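Notes to accompany the following structure.
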Amino acid sequence: MSRYPFRASEQKWQRIWEERRCFEARTDPSRPKYYVLEMFPYPSGRIHMGHVRNYTLGDVVARVKRRQGFNVLHPMGWDAFGLPAENAAIQKGVHPAEWTWANIREMREQIKAMGCSLDWRREFATCDPAYYKHEQAMFLDMMERGLVYRKESWVNWDPVDQTVLANEQVIDGRGWRSGAPVERRKLSQWFFRITAYAEELLEAIDRLERWPEKVRLMQKNWIGRSEGARVRFPIDGREEAIEVFTTRPDTLFGASFLALAPDHPLAQKLAEENPDLAAFIAECLRTGMSEEVIEKAEKKGFDTGLRGRHPLAPWGAPDGLPIYVANFVLMDYGTGAIFGCPAHDQRDLEFARRYGLPVRPVVLPPDADPARFSIGEEAYLGDGRLVNSAFLDGLGVEEAKRKVIAWLEEHGLGKREITYRLRDWGVSRQRYWGCPIPVVHCEHCGIVPVPREQLPVTLPQDVDFSKPGNPLERHPTFRHVDCPACGRPARRETDTFDTFVESSWYFARFCSPWAENAPFLREDVDYWLPVDQYIGGVEHAVLHLLYSRFFTRAMSACGYLDLDEPFAGLFTQGMITHRTFRDAEGRWLTPEEVRRDESGRWVAVADGRPVEVGRVEKMSKSRMNVVDPTSIMEAYGADTARLFMLSDSPPDRDLEWTDAGIDGAWRYLNRLWRLVDERLGLLPPPGTPLPEPHTPAERELKRWTHRTIARVRDELERFHFNKAVALLREFSNHIEGFRPEGESGRALLREALEALVGMLEPMVPHLAEELWERLGHRRILAETPWPEADEAWTVAETVRIAVQVNGRRRAELELPRGCSEEEVRRRALEEPRIRRFLEGREPRRVIVVPDRIVNVVL
RNA sequence: GGCCCCUUGGCGGAACCGGUAGACGCAGCGGACUUAAAAUCCGCUGGCCCGAUCGGGCCGUCCGGGUUCGACUCCCGGAGGGGCCA
């Protein structure tokens with residue numbers, strides 16, 4: 001029996017595609033464009049199954065669009081800066097550049113083996129100075145436009161590794177690598193002013209119609225707009241006042257204290273004269289200040305002894321409010337100070353109970369009795385009528401907010417304000433393997449940008465990783481420069497960019513990767529951008545996707561582009577999961593270390609002892625449940641792996657890796673191979689004019705062909721690739737059962753096989769090309785237009801109409817499509833089974849839905 | 001704690017606007033081919049029940065209610081799982 005020779009076939013077609021330059025894209029404004037992009041990989045070593053799924057999904061889109069007549073841009077590159085390269089340098093003594101480029105070589109071959117329709121001429125790595133020099137130039141442009149600034153801020157500092165850690169790198173208060181307790185330090189850091197676009201980034205989310213709702217919601221939450229008021233509380237006996245931001249100005253009359261963040265300037269100032277307060281503040285800062293930690297920690301405060309005057313005195317708190325420094329107030333949010341209204345805020349309530357402060361309700365729930373309502377252990381957060389609130393009494397919460405803000409504004413004690421949860425984007429990293437920040441610090445001139453003609457500031461190659469900390473700091477020459485402004489000795493910035501900076505504009509670079517004097521050419525980006533379809537994991541739903549949206553606006557502000565949104569369509573794929581296994585001692589085992597014995601139990605290969613089959617989890621090295629894509633592609637071929645990725649599970653859901661699933665895909669490829677192979681002798685030559693179908697079987701086959709073309713087109717359009725696969729399998733099952741009689745039958749069989757093979761190409765391109773060639777075609781499939789459905793043949797001649805009695809199916813009618821209601825009704829009531837239910841009675845009602853259903857109501 | 005999403009056979013999943021629930025596949029069972037195995041091909045496959053067979057009945061989309069001629073689909077309440085923000 002003939003088998004699909006995948007090894008020879010995959011090599012052959014990959015060579016032909018390359019020779020014919022099928023997938024090279026050229027800017028051509030006379031043609032409609034389509035830009036498909038998968039999130040570019042970090043070159044960590046080898047590709048994993050998530051990459052295979054990602055690039056398969058993207059390739060299906062690229063191949064379909066190309067054959068539908070679009071000028072398709074489908075590039076690939078490397079997000080090449082980042083920590084793992086430095087860890088390798090520390091652990092294995094390899095230079096980060098060497099490690100990275102070796103990984104790129106390895107992964108490039110692995111990706112090429114998948115047979116994706118990529119324009120490899122456009123490949124680049126972000127660690128290449130030819131890439132990052134443009135990033136440095138853009139940074140300077142943004143600095144000139146005030147989109148970049150430097151300020152002191154609190155960071156997570158790992159005292160052992162001597163570096164800043166991102167929040168995600170702090171696990172239970174300890175550095176993820178060193179295990180040392182993380183300290184909070186104040187450092188001067190570079191920031192991108194993303195908050196300048198907070199409102200615009202938020203408001204534009206509603207127009208991202210081809211983005212998943214989930215991602216849009218996550219970005220909205222992340223930006224976190226809140227409307228409220230800024231209120232001034234003068235301090236008794238002092239010049240300064242405390243500025244408070246609140247989203248509940250309606251509850252001002254319920255205030256019973258004021259609280260400052262531990263790092264609030266006033267708190268710091270008071271601590272200078274008060275050692276107890278200083279100790280308290282130090283304690284707060286040590287335990288970390290993430291919102292999560294604060295929520296769980298006990299609410300603690302330190303009474304400063306000062307008193308704040310209520311802005312609405314004499315009605316509210318005529319005796320003033322105690323001022324605390326409290327561990328649950330964040331300097332980063334609002335003004336770093338709050339007024340506490342325990343009755344209507346849970347944190348404030350916990351604090352008030354602990355320190356015996358008054359709890360005065362000012363919002364009465366709708367059905368509560370004013371005389372008896374009081375707050376227990378739960379603050380009341382809902383709507384209601386204002387009470388105990390002087391001129392606000394009787395108003396609803398929203399009305400009260402408006403009225404009190406108007407009053408505050410009128411009396412100069414406060415104003416309406418909108419704040420955002422979004423913080424400016426800190427991009428300084430005390431790291432070697434990143435893009436150098438192109439500035440110089442001069443004692444006399446301050447911060448001086450590196451002159452454009454001196455860009456790029458390249459990373460020195462000779463660095464020493466034997467000691468902790470940033471090797472750029474210790475480098476003999478890198479940091480010592482002459483000030484570009486005054487010429488006196490100065491210090492080069494040794495921080496490098498967060499790697500999210502590189503990934504914030506790479507999609508634009510792919511449009512003109514060859515441009516030397518500019519990051520990209522206007523004619524190219526104006527044509528190709530925005531990306532029409534972006535595909536990647538949902539884990540980037542906020543950071544990368546939000547930074548890119550900001551960066552695109554910032555680039556436009558600097559005149560590089562005329563564009564707001566980089567990604568018109570976004571698709572987020574699910575994870576690849578796999579069973580986990582543990583042996584009797586609880587050690588994780590890899591899938592290769594287990595097998596099924598004769599009775600079907602899972603046992604260890606090594607000793608035959610039973611293993612515990614654990615949960616299905618995301619593939620990860622720590623769980624030992626990873627399957628290497630290359631070993632699968634070597635054993636079954638790239639097309640098998642691709643087909644498996646597309647079958648069964650909808651692409652946005654998690655996909656469970658199973659050996660049975662791979663076998664199933666492999667078997668189907670061979671079935672297709674035989675389906676064509678065994679019928680080659682029957683078929684007329686390609687291009688034979690299509691005769692009208694003669695027999696019912698021929699008419700049915702024709703209908704299957706065109707209905708499948710139409711339905712597959714729709715499912716592909718909606719990213720329902722699993723359904724497209726199912727439709728093609730159904731179609732091939734039907735072709736298998738067709739026995740051609742005579743010339744017309746054989747011609748129609750060719751039509752069906754060609755449609756099938758043609759539609760398989762985006763999913764299993766090597767097999768499809770091979771079969772297409774065997775069907776006698778000289779023009780390769782990748783260059784052949786996508787099959788078109790003849791609408792006249794996309795509907796069946798007859799329809800099956802279910803006949804229900806009281807909503808339960810009792811019979812079925814086979815009628816010509818488009819029968820009149822009266823006809824259907826008559827035929828339904830004539831059915832013997834229906835007459836039995838009627839027992840001679842007249843039905844009370846008969847509902848007829850044309851071509852679908854009849855419901856007889858007794 | 002708030003907001004959002006999900007829950008369909010042994011399993012992954014189909015079912016478009018409320019109109020024949022379970023497409024397609026995996027696993028399983030029975031059969032053919034074979035000395036045998038693999039591969040391949042054919043048939044069956046939600047549960048319970050009646051019936052010699054063709055056939056027929058009842059139940060069934062997490063649970064409870066509702067709307068409707070008709071509900072996996074819409075509404076209310078609950079349970080379980082997941083995500084985001086706290």
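Here is the naming used below: chain letters follow the sequence lines, and residue numbers restart at 1 for every chain. Given the structure is predicted, the values throughout are model-derived calculations rather than measurements.
- Taking only distance into account, the side chain of A:N855 meets the base of B:rC69 through a donor-acceptor pair shorter than 3.5 Å.
- Applying the Watson-Crick and G-U wobble criteria (two distances, each under 3.5 Å), B:rG60 pairs with nothing in any strand.
- Ranked by how close their nearest RNA chain B nucleotide is to the 5' end, A:R836 and A:R718 are led by A:R718.
- Between A:H578 atom NE2 and B:rG12 atom C1' the separation is 14 Å, expressed in whole Å.
- Using a 4.0 Å heavy-atom criterion, one finds that A:E730 contacts the sugar-phosphate atoms exclusively.
- If you check B:rA15, B:rC69, B:rG19 against the side chain of A:V857, the one that comes closest is B:rC69.
- No side-chain donor-acceptor contact under 3.5 Å links A:Q573 and A:R653.
- Side-chain N/O atoms of A:E770 and A:S9 include a donor and acceptor closer than 3.5 Å.
- Using a 4.0 Å heavy-atom distance criterion, A:D663 is classed as making no nucleic acid contact.
- Across all strands, A:N733 comes closer than 4.0 Å only to sugar-phosphate atoms, never to a base (heavy-atom distances).
- The interatomic distance linking A:Y636 (OH) with B:rA39 (P) rounds to 11 Å, in whole Å.
- Rounded to the nearest Å, the gap between the C1' atom of B:rG46 and that of B:rC29 is 16 Å.
- Of the P atoms belonging to B:rG82 and B:rC69, the separation is 40 Å, rounded to the nearest Å.
- Across the strands present, B:rC17 finds no partner; the criterion is a Watson-Crick or G-U wobble pair with both atom distances under 3.5 angstrom.
- Pair assignment for B:rC44 gives B:rG28, based on Watson-Crick or G-U wobble hydrogen-bonding distances that are each under 3.5 Å.
- Following rounding to the nearest Å, A:L727 (CG) and B:rG13 (P) show an atom-to-atom distance of 18 Å.
- Spacing of P atoms, B:rC54 relative to B:rG65, comes out at 37 Å, to the nearest Å.
- Of all nucleotides present, only B:rU7 satisfies the Watson-Crick or G-U wobble test against B:rA79, with each distance under 3.5 Å.
- The phosphate of B:rG57 has neither OP1 nor OP2 within less than 4.0 Å of any side-chain N or O from A:R809.
- The NE2 atom of A:H720 sits 8 Å away from the P atom of B:rA14 (whole-angstrom rounding).
- Contact check, A:K214 against B:rC6: no side-chain N or O comes under 4.0 Å of OP1 or OP2.
- OP1 or OP2 of B:rG57 sits under 4.0 Å from a side-chain N or O of A:R810.
- The pair A:E350-A:R347 fails the salt-bridge criterion, with no side-chain N (NZ, NE, NH1 or NH2) lying under 4.0 Å from an Asp/Glu carboxylate O.
- Base pairing of B:rG51 is not made with any nucleotide, judged by Watson-Crick or G-U wobble geometry with both donor-acceptor distances under 3.5 Å.
- A:V849 comes within 4.0 angstrom of a nucleotide base, judged by non-hydrogen atoms across all strands.
- Within 4.0 Å (heavy atoms only), A:S647 reaches no atom of the nucleic acid at all.
- A:E736 has a carboxylate O that lies under 4.0 Å from a charged side-chain N of A:R671, or vice versa, which qualifies the two as a salt bridge.
- For A:R674 and B:rC41, the shortest distance from a side-chain N or O to OP1 or OP2 is below 4.0 Å.
- B:rC17 and B:rG9: their C1' atoms are spaced 27 Å apart (whole Å).
- Glycosidic conformation, B:rG60: anti, with the torsion outside 90° of 0.
- Taking every side-chain heavy atom of A:R852 into account, B:rG19 is the closest of B:rG19, B:rG25, B:rG57.
- A gap of 15 Å separates the C1' atoms of B:rC63 and B:rG81, to the nearest Å.
- Base orientation of B:rC17: syn (glycosidic angle within 90° of 0).
- Pair assignment for B:rU73: none, as no Watson-Crick or G-U wobble contacts are both less than 3.5 Å.
- Distance check on atom C1': B:rU73 versus B:rA15 gives 10 Å, rounded to whole Å.
- Base pairing analysis places B:rU68 opposite nothing; no Watson-Crick or G-U wobble pair with both distances below 3.5 Å involves it.
- Across all strands shown, B:rU34 forms no Watson-Crick or G-U wobble pair with both distances under 3.5 Å.
- OP1 and OP2 of B:rC4 both lie 4.0 Å or more from every side-chain N or O belonging to A:N221.
- Map A:E656 and A:I801 each onto its nearest nucleotide of RNA chain B; the residue landing nearer the 5' end is A:E656.
- Look at CE on A:M645: it is 14 Å from C1' on B:rG12, rounded to the nearest Å.
- Between A:D424 and A:T195, the side chains place a donor N or O and an acceptor N or O closer than 3.5 Å (distance only, hydrogens not considered).
- Residue A:R833 is in sugar-phosphate contact alone, with no base atom involved, counting any heavy-atom pair closer than 4.0 Å across all strands shown.
- Rounded to an integer number of Å, the gap from OH of A:Y380 to C1' of B:rG1 is 15 Å.
- In this structure, A:R3 places its CZ atom 9 Å from P of B:rA39, rounding to the nearest Å.
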A:Y4 vs A:L771, side-chain contact (heavy atoms from CB on, under 4.5 Å): CA-CA, chis, key distance, verdict: CA-CA 10 Å; A:Y4 168 48; A:L771 293 178; over 6 Å; no

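- The CG atom of A:L672 sits 14 Å away from the C1' atom of B:rG25 (whole-angstrom rounding).
- Among B:rC69, B:rG25, B:rA14, the nucleotide with an atom closest to any side-chain atom of A:R729 is B:rG25.
- A gap of 14 Å separates the P atoms of B:rC6 and B:rG13, to the nearest Å.
- Of the candidate nucleotides B:rC26, B:rA14, B:rG12, B:rC26 has the atom nearest to the side chain of A:R667.
- In this structure, A:R671 reaches the B:rC41 phosphate: one of its side-chain N or O atoms is under 4.0 Å from OP1 or OP2.
- Note on A:R248 versus A:E227: no salt bridge recorded, every NZ/NE/NH1/NH2 to OD/OE distance being 4.0 Å or above.
- For A:L217, taking side-chain heavy atoms from C-beta onward, the closest of the listed nucleotides B:rC85, B:rC24, B:rC4 is B:rC4.
- At B:rC59, one or more side-chain N or O atoms of A:R808 fall inside 4.0 Å of OP1 or OP2 (strictly under the cut-off).
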Step-by-step side-chain contact (heavy atoms from CB on, under 4.5 Å) determination, A:I338 to A:F328: CA-CA 10 Å; A:I338 61 154; A:F328 66 95; 3.9 Å; yes

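- Look at A:R845 and you won't find any side-chain N or O under 4.0 angstrom from OP1 or OP2 of B:rU68.
- Salt bridge status for A:R826 with A:E823: present, with a side-chain N to carboxylate O gap under 4.0 Å.
- The pair A:R3-A:D677 does not count as a salt bridge, with every side-chain nitrogen at least 4.0 angstrom from each carboxylate oxygen.
- For A:M218, the listed nucleotide lying nearest its side chain is B:rC84; candidates were B:rC84, B:rC24, B:rG12.
- In this structure, the nucleotide among B:rG13, B:rC26, B:rG25 sitting nearest to the side chain of A:A660 is B:rC26.
- Only the C1' atoms considered, B:rG47 is 24 Å distant from B:rA52, to the nearest whole Å.
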